[in-house]
Structure formats: structure tokens, C-alpha cells
Amino acid sequence: MILPLHDRVRDRVRAVLADRYALGDDAGVSIVIEYPPTRTLGDLGTPVAFDLARRLRKAPRAIAQEIAGALGAIEGVARVEAAPNGYLNVFLDRRTFLLSRLGVVPGLPAAPAHTEKAIVEHTAINPNKAAHIGHVRNSCLGDTLGRVLRFRGMPVEIQNYIDDTGVQVADVVVGVRHLEGLDLDGIRRIADTTRFDYYCWDLYARVTEWYAGDKARLQVRADTLHDIEHGTDPVAAIAGFIADRIVRCHLVTMGRLNIDYDLLTWEGDILRLQFWARAFEVLKETGAVFLQTEGRLAGCWVMPIEDDLAAAGAEAAPAAPAPADAGPAGDEDEQREKVIVRSNGTVTYVGKDMAYQLWKSGLLGRDFHYRPFGTTLDGRVLWATTTDTTAAEAGHPPFGAAAATYNVIDVRQAYLQKLLKQALIAVGHPKEAERLTHFSYEMVALSHATARELGYAPPADSDEARKPFVEVSGRKGLGVKADDLLDRIIEKAQAEVTRRNAALSPEDRDRTARAIGVAAVRYFMIKYSRTKVIAFDIDEALSFEGESGPYLQYAVVRANNIFQKLQEREGLTEADILRSLLDTPAAALDGDDGDHDLWALVLEASRLDDVVEQVVRTLEFSVLAKYGFGLAQMFNGLYHKSPILNEERQDLRRWRAAAVGYFRLQLARVLELMGVHVPARM
RNA sequence: GCGUCCGUAGCUCAGUUGGAUAGAGCAUCAGCCUUCGAAGCUGAGGGCCGCAGGUUCGAGUCCUGCCGGACGCACCA
């Protein structure tokens, strides 16, 4: 870990600036710590002298030289140099650095842990059909976010929102009852004997077609929705059954990817427990919403939309809204408004979301009841909300009321998420709004090749054919199901594992193939910027070569093998080697022969904490993916160039082994952050 | 119309709060398995960083305009 050294260097430079140039903390000089492009130039560097050049009317190089001369000794630093171009470069004490990273000698104290809780909401798949590739992107990002926050010491609560009362579930209920003519027992038999999420996937597509055949049939949907909302059986019972079973399918699918949750929040409970009613009171009391009495929205409770939402006014435009009374001139609806409660008295999706968000931020003054729903991947109770007061209340951890909330939802929801934030401000909680983050990401589409493979080729002369990718459509049933993708990639991994490791037991082969498949899928989902549309190509995702999850795993497996062989052949453990380093000259690490690659690996491996900080700051996981890949690349280069087992010089092999030991520790951590396990062999 | 995002090598993409010679993977070509596992390594070719201005000691990165593309702006969720 490198950040404590950043801080130490930065503090010392700051002290020199204050001392020598009378530039205190209020002078606004930011001391940026970077990494010089090569290790011969230094290990850490700062361009601070460039910043000061104008202010001090001096050449950057001269300033850098002055600072370097005034710094004095810094613990853990071998020397500081002013580069000819004005950079101030820091060379670390390599031996001490590596030994302290490995715990052989005491290191710097760890940063204090965060204590505030964060809620991460992700997945939130409509419980009416199988998960597809787009959902996988959401869940992988959300799960990684949770892991990254926890890595920094923050308690995290992962929630999965279940929309069990919307039209999507209603549509499948319509299919069950009107297309299939089934009752609850009938659908239960099917659920018990088939891939139920796949069954519903197809049924849902058929219902969509059925509606298209005669618009009058939409009345059936409306009636079904009404029955679900009012708990009228048998419709409500069937809807409840479907949602429950599909959610369990989703949990299994996500579990295959090492993704799980602490709490399932059911939308139905938000309504039944009057969360909305309470939120509505708050919204009315604070004037955040008001009853529109005229115009086309007459009879609706609406929220005025802030200017900066509609038009990107850079300035705050104080007191712009001034709702209601004035009544904007006639039909010109200058003042834009968002309907929260429809004229028929029902609440919109945004309203429900506001109630949910108020609860998440601890501002609602109500709580759910909780029931055990299942078991998490690590054997804890997976909780779900409930209205049932007699359910097992005891023993559940406190839920909700987080200091920070992250909503992982695709970019198309940006507008609504912004409204949500605005609502928090409107009810008097700007701080909570500040700490509400919409973690947005772009869509997953299909490459033309993959769409063709799935039997969907847009007509050659159509607009679709000219686009760079083909859109996924859940309604038409067009898309790659998450489980199909996983099945295929694991099957392929298994063939590869079998070819390479004939002696492996079937169980080990299976486990290994699953680990590799997960790595391939999860790395693929992480390696692109979240602002980029992924044109999903099945062959590309299935590839295990080059920049891929398995490449990272393979590097760790190789490193593990070295230590295994050391143990087998010479009875040496990593601990033995580390102990022996205390009185071994560190020429190998110091690069006395002009080769700094071993040290470069150590320094790069230590950057994980710095990378994680950047990841959290930018919410950009491609940074983590690239870091892991680059680290693995450095190791692989060294692996071919600098042998350990076959190295005769004791000092060389020991320091190489120590560096590799640190490398595998750090890369394994990177993989863990991605939710990827390292198999014993592959 | 308004807003958000994207445009970097043949293809797919990185590029850290502006910094040192713009980097990977795939594809192509040439090499490397008797030496810790070749899911690997080494090397080569391939770039008006969409275009034009501006700010700066310094711009792929920030600002303005334009061009091209995606998405959003419902009494749908």
C-alpha cells in the first residue's frame, strides 16, 4: 500500500513550502503525487515546481532543486532528486518498503476506518422473467462497488429492489391465466418442473404479441394490475407466487457470479406499510409537491422541476420556481412539472421511489418488518421486507438509514434520479441529497454477429442494420440470458481445463471451470467505462486470451505454483524466505545491474490502495480492471525473464520470491474486489 | 427544441483532480516450449487523439462553436 507514503512526502513538501516560501495551507498550492514513467527517474514524483514557477518568478528546475535540498531525510525515502525538466522525484528505500509491505518489519499505520454506513442498491430486475446480459452489467458493477467500499473500511448494506406490483409481473399473470388458462396450482406445477424464469421469458414475449394483436386486450392487463394492487385473489396470489419464484431464480443466477445481497426490498411492502402515505405527508408539509388545479395536469399532485434539470443553467437561478398561484400564462406550460400522484389518486413510480429513498436516508420515520428469505453465499440470513409483524423480527440487523446511498441504475434513469435528489432537497435535506449518488452506466446491446447467432438479423436495408449494434428487447424476448451465457462460457472453460489437467477430479474441474467463467464475465463487464455502450459479442466475452479475467487468474496461479514447488522441492515456505531476507543484500531489488523490473513490480503492486481511492472517486471500475491487467502483465514479463526455482544466486531468488509473494497477494485482492476467485490450477 | 453521454491505431477500448516519449487487447507479420505451466513471452508495422478556435509554461484531458452518433425530457415502470 502506497498512500501513507504519498501523505508523508506531501506533508514534508508542504512544510518546506510554508517554511521557505511562506506558502501555507491557505496558499492554494496542491501537491499532486504521480508516478514517473520509469523507475530510473524515480518512484514518486510531483510537478509542484511548475505550479510555483510563476508565483515565485523562478525556473521550475531551480525551485525543484531548492525543495529537494530543503526536504531533509524522510523515513522510507532513499533520496529526492530535482529532474532537469523541473519534476521533483522521490526514490524509495526499496528494501524497507517491500519488507514492511510483507509484514516482516513494521510499516506505517493504516488509515482510520470509515464508520458511516453506505447502502448500495443494485440488480432490481423485474421479477417476471430470466435475467439477461444487461442485468449482469448492473449487478457486476453494483457488487464491485460494494466490495470496493468495504475495502476502504466502510460498512455496506446491499439491497435488491423487487418491483412486484408493476405491469411487468401483471403481464406474466395475464399470460398464465388468459393464454395458458392456468390457476395457482397449475402454475406451481410448472414452476416446480421447469426452468421457470425461462418459461416466463417466453410467456412474456407471447403476451406482448397478444396485446399487439388487439389493443382491447390491454384492458385485461389493467384489471390484473388493479387486482394485484388491491390484493384480490386469485390474481394477487398468482402474482405473488410468480414474483417469489422468479426472484429465487435471479438469486441463483447472481449467486453463480458471486453476487449476493443483504436485503430484498419489496415494492408491495412500501405500499402496504404506508411508506408512500407518510412520504406524501412530508412532501405536502414541506411544499415539495402541490395540487395542480388547472391546465392539462389539473387534479394531479406535482413537483416543480428545477430549472437546472430542464435547461442547464449554470447558475443557481435563485427562487426560480415560484409554483402554482401565478398560474403560467394559459396553455404555455413554462413551468415544468412532474406528476407524483395521478388525478385518479394512484402514485407514480417516482413517488414510490421517493418514499424508498427517504427510508434509505433515514428520513421517513418508519421501518419495514423483516423476514428471513434465504441464505447468503457466505451462509448468513438473507433478509426480505415484509408486512407481517409476526415474522421473525428478532435477530435482523438494522436496515436503512444510511449516511450515503448509491443507486446503481442505467443512464436512462438519470432524469428520474435527479428528480429524486431534488425531492430530498425540497423536503429540507440537502446533505442527504449530496450523498445520494446515481451510479449510472450505459446499456448493453448486441453485436451484429451475436444477434445473428441468436437468430435475430435485422433486415439488410433497415435502420437497425446500419447501427453499430443491435438493441436488446426484453419484450420481444431478444437478448442473451445470463444463465445461457454462463453455461456456454463455463462449458468452454471446462474443455480447456480438461485438456490441460487430465488428472484433475471431476469436482475440481467443475469448480475451476466455474471460477474461470465468472472471471471472464465479470472482467468483461468491468473493463469498459460505464459511460460506454457495450456491444456484447459472445465470442469476445468467451475469449480467455489477452486482456481478460482468466489472464489475471492465470498470473496468480503461476505465482502460487512457484511457492508450491519451492515447498515440494526444497521444503521452503514463504515465511522461511521472508525471514532469510533480513540479512540478505538487496542488490536484486535495488537494481545494481541497471535492471529495475523487480522493483517496478513491487511498487506497482503497492498501488492498490491508490487505485481503489481513484475508483471510488470516479466510480470507474475500468481503472481497477486495467490496473489488475497491467500488474499481471508485469509479472508475466518477469516470469519469463527472471526464474526463481532455477536461479543459483541465493539473494536473487529470495528477493524475487518476496516480490512475487507480494504481487500475488495484491493481485488476489484485486480479483477479490471483482468478485473473482483464484483456482488452485487452471 | 432542450439536456446528458460518446468520438483516440484496421476492430474493441485505456489514458489517473491538465504534466515527462499517446498506451493495451484483438487482428496482421516475425520469433520463443529439454529450463518455475505457451490461457504465456519478445519484437515489428499501424495515430491530423472528429473538426476549428481559445485558456495555459504545458491540452487526448479544461472552455466555446461546429460535425457525427447514442440516450433522455409521459397522469409507463
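Fair warning: this is a prediction, and the values are worked out from it, not measured in the lab. Below, all heavy atoms of this structure are taken into account, side chains as well, without hydrogens, waters or symmetry copies. So you know, we letter chains A, B, ... as the sequences are listed, proteins then strands, and number each from 1.
Taking atom P in both B:A9 and B:G60, one finds a spacing of 15 Å when rounded to whole Å. When the P atom is compared between B:U16 and B:G7, the two are found 12 Å apart, to the nearest whole Å. Between B:G72 and B:A20, the two C1' atoms lie 41 Å apart (nearest whole Å). Rounded to whole Å, the P atom of B:A39 lies 27 Å from the corresponding atom of B:G45. Annotation: B:G69 and B:G50 have their C1' atoms spaced 11 Å apart (nearest Å). Using C1' as the reference atom, B:A52 and B:C67 are 11 Å apart when rounded to the nearest Å. Rounded to whole Å, the C1' atom of B:A22 lies 14 Å from the corresponding atom of B:C48. When the C1' atom is compared between B:G68 and B:U55, the two are found 26 Å apart, to the nearest whole Å.
Checked against B:G37, B:A74, B:G15, the side chain of A:Arg336 finds its nearest nucleotide in B:A74. Proximity note for A:Tyr415 (side chain, C-beta onward) versus B:C73, B:A39, B:C75: the nearest is B:C73. With distances taken from any side-chain atom of A:Ser622 to the nucleotides B:G37, B:G15, B:U16, the minimum falls on B:G15. Relative to the side chain of A:Ser529, the nucleotides B:A20, B:G15, B:A38 differ in distance, and B:G15 lies closest. Here B:A38 is the nucleotide among B:A38, B:C26, B:A14 with the atom lying nearest to any side-chain atom of A:His640.
Between A:Arg412 atom CZ and B:A70 atom P there is a gap of 15 Å when expressed in whole angstrom units. One atom, CZ of A:Phe621, and another, P of B:G15, lie 14 Å apart when rounded to the nearest Å.
Ranked by how close their nearest RNA chain B nucleotide is to the 5' end, A:Gln168 and A:Arg530 are led by A:Arg530. The residue among A:Ile516 and A:Glu540 whose nearest nucleotide of RNA chain B is located toward the 5' end is A:Glu540.
Residue A:Asn636 places no side-chain atom within donor-acceptor reach of the base of B:A38, judged by atom type and a 3.5 Å distance cut-off alone. Interface remark: the A:Thr348 side chain does not form any donor-acceptor pair with the B:C75 base, using a distance-only criterion of under 3.5 Å.
The aromatic ring centres of A:Tyr161 and A:Tyr356 sit less than 6.0 Å apart. Ring-centre distance between A:Tyr415 and A:His438: not below the 6.0 Å cut-off.
A:Thr531 comes within 4.0 angstrom of sugar-phosphate atoms only, judged by non-hydrogen atoms across all strands, and of no base. Base engagement by A:Pro36 is indicated by at least one non-hydrogen atom pair under 4.0 Å involving a base atom. Using a 4.0 Å heavy-atom distance criterion, A:Arg617 is classed as a sugar-phosphate-only contact. Here A:Asn561 lies in heavy-atom contact (under 4.0 Å) with a base.
Across all strands shown, B:G25 is found opposite B:C11 as a Watson-Crick or G-U wobble partner, with both distances under 3.5 Å.
The closest side-chain donor-acceptor pair between A:Gln357 and A:Asn407 falls under 3.5 angstrom. For the 3.5 Å distance criterion, the side chains of A:Asn636 and A:Tyr551 qualify, holding a donor opposite an acceptor. Judged purely by distance below 3.5 Å, without hydrogens or angles, the side chains of A:Asn560 and A:Arg664 pair a donor atom with an acceptor atom.
Taking a 6.0 Å sphere around CD of A:Glu648, one finds it holds 12 or fewer heavy atoms contributed by other residues, nucleotides or ligands.
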